[in-house]
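Letters go in sequence order (proteins before strands), and every chain restarts at 1.
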Protein chains: 2
Amino acid sequence: MRLVIAKCAVDYEGRLTAHLPLATRLLLVKADGSVLVHSDGGSYKPLNWMSPPCAMAEVSPEDHEVADGVTTVWLVQHAKSEDRLRVLIHEVLHDSSHELGVDPGLVKDGVEAHLQKLLAEHIHTLGDGWSLVRREYMTAIGPVDILCRDAAGGSVAVEIKRRGDIDGVEQLTRYLELMNRDPHLSPVTGVFAAQEIKPQARTLATDRGIRCVTLDYDALKGIDNSEHRLF
Amino acid sequence: MRLVIAKCAVDYEGRLTAHLPLATRLLLVKADGSVLVHSDGGSYKPLNWMSPPCAMAEVSPEDHEVADGVTTVWLVQHAKSEDRLRVLIHEVLHDSSHELGVDPGLVKDGVEAHLQKLLAEHIHTLGDGWSLVRREYMTAIGPVDILCRDAAGGSVAVEIKRRGDIDGVEQLTRYLELMNRDPHLSPVTGVFAAQEIKPQARTLATDRGIRCVTLDYDALKGIDNSEHRLF
DNA sequence: CTATTGATCTCGCAA
DNA sequence: TTGCGAGGTCAATAG
């Protein structure tokens, strides 16, 4: 990893065109050749960047650029597209390189995938006698999060969100419409499950005969832990 | 801006829980107090981070952490939520600070707003004899990107996306439903225009009688340039 | 202030 | 490889 603090201007051409006027910024060159241009504020998103796979070459500035005070030009070209970045460097204030090695990576907990897995494993929390058919049940317009059967043997499509919004209700409605046209599945009822359900989404869902269930992530994890302890 | 290369482990607690095992990484502390943890690969997204507003404090490690080899702990606390980041530093390999000043910011060109402007100016690319009524035509549920008339004088609502997804078709459908209730406008047909249209979106649109058009940004720009050359 | 929507989205998973 | 949905989404804009 190479860290450069430099007075520079940057031009990007690719999916869009973008330009950064002359200022002092951090240029970060990673081991895979990718480049990030960061300012001293904003968020974690760089002002400009090039994603891997790409290659960086230091080239000589053109005459008019030399006249403007440019000393070096970094030309960063994406390997599989026409995306390219030109960094016009006027002055280098810091330049250092460091060996970091491969990162073991991030361990996450608490996102929707985990909710889905937990609910699938404990589908009976939706009702006594309920059973899982499968997760990510594929339909022509996309996968339903969970397909299961209620105590009476009726099919139930479950849509899971971390935050239950109107979009999620629309999505589930589309699935239900489609699945109810399939005589092998019909009738299919719907359950909208989320850690938090917005009032508008709840109203819309209820109006369409979709049951709303608020999920308690910690409680589900608790069930999971206590069941594991049985072994 | 402070740049630190250090052997460290990181724990995040907030909207989710995440952990980074011990490894050598870049710690980037910006002027607003925000912190980014970068590895030597991946893309522009940090492995872990804290967004402003937040405050960073160096605290003493606990006894068991000292036993593990921790020399310093950075505690980064978000100002308006319970989000916090703990960086357990084992060894500092580089540490430097730099004054960057305020950044003038990025200038962009080629996003959805430009597509809309270009298509409005060259509405005849949708069909001979077509004419623009207006951009951002206001309805009770929001603005339709473009309202125009076809050669026969029929009203056409155009929804523009950079990438055509199912959401965009749903949006256009809602506009069409509403507009077709207005006797002054009805009948209104729909055009779904995007640089790239997903198969599922195309299927849904076609099923609803909405025409799909793939936009070529460079071609539209080309038309624009060649027309400018006439003056 | 909240709500909506685009993004050079990025990232991960599954067909 | 490609497509699709989630994201600690972020960030800009409208209401």
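Along DNA chain D, the nucleotide nearest to B/A201 and the one nearest to A/L106 differ in position, and the one closer to the 5' end is contacted by B/A201. Remark on DNA chain D: of its neighbouring residues A/P143 and B/L47, the 5'-side contact belongs to A/P143, judged by nearest-heavy-atom nucleotide.
For the pair A/S34 and A/P52, the tightest heavy-atom approach, listed with the atom from each and the gap, is CB-CD, 3.5 Å.
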Every protein N/O lying under 3.5 Å from an N/O of nucleotides 10-14 of chain C:
from   : atom 1 : to    : atom 2 : distance (Å)
C/dT10 : O3'    : B/S43 : OG     : 2.8
C/dC11 : OP1    : B/S43 : OG     : 2.8
C/dC11 : OP2    : B/S43 : OG     : 2.7

Are any protein N/O atoms closer than 3.5 Å to N/O atoms in nucleotides 12-15 of chain D? If there are, list each pair with its distance.
none

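Remark: B/Y44 pairs with A/W49 by the ring pair (Phe, Tyr, Trp, His ring centres under 6.0 Å) rule, at least two apart or across chains. Contacts of A/E136 classified as side-chain contact (heavy atoms from CB on, under 4.5 Å), with partners at least two apart in sequence or in another chain: A/Q116, A/P143. Considering only residues two or more places apart in sequence or on other chains, A/T203 meets the side-chain contact (heavy atoms from CB on, under 4.5 Å) condition with none of them. For B/E170, the side chain to side chain donor-acceptor pair (under 3.5 Å) criterion is met by A/R174, B/R208, not counting sequence neighbours. B/D40 pairs by the salt bridge (charged side-chain N to carboxylate O under 4.0 Å, His left out) definition with nothing, not counting sequence neighbours. By the side-chain contact (heavy atoms from CB on, under 4.5 Å) test, A/N180 is found to be paired with A/L176, A/S186, A/P187, A/V188, residues two or more places apart in sequence or in another chain being considered.
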Which donor-acceptor pairs under 3.5 Å do the side chains of residues 3-11 of chain A make with protein atoms, sequence neighbours left out?
from  : atom 1 : to    : atom 2 : distance (Å)
A/D11 : OD1    : A/H19 : ND1    : 2.7

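Contacts of B/K80 with the nucleic acid, taken as non-hydrogen atoms under 4.0 Å apart, are absent.
When rounded to the nearest whole Å, the span between CG of A/D165 and P of C/dT5 equals 10 Å. When rounded to the nearest whole Å, the span between CD of B/E159 and P of C/dT4 equals 16 Å. Here the P atom of nucleotide D/dA6 and the NZ atom of A/K117 are 19 Å apart, to the nearest Å. The distance between atom OH of B/Y175 and atom C1' of C/dT5, rounded to the nearest whole Å, is 10 Å.
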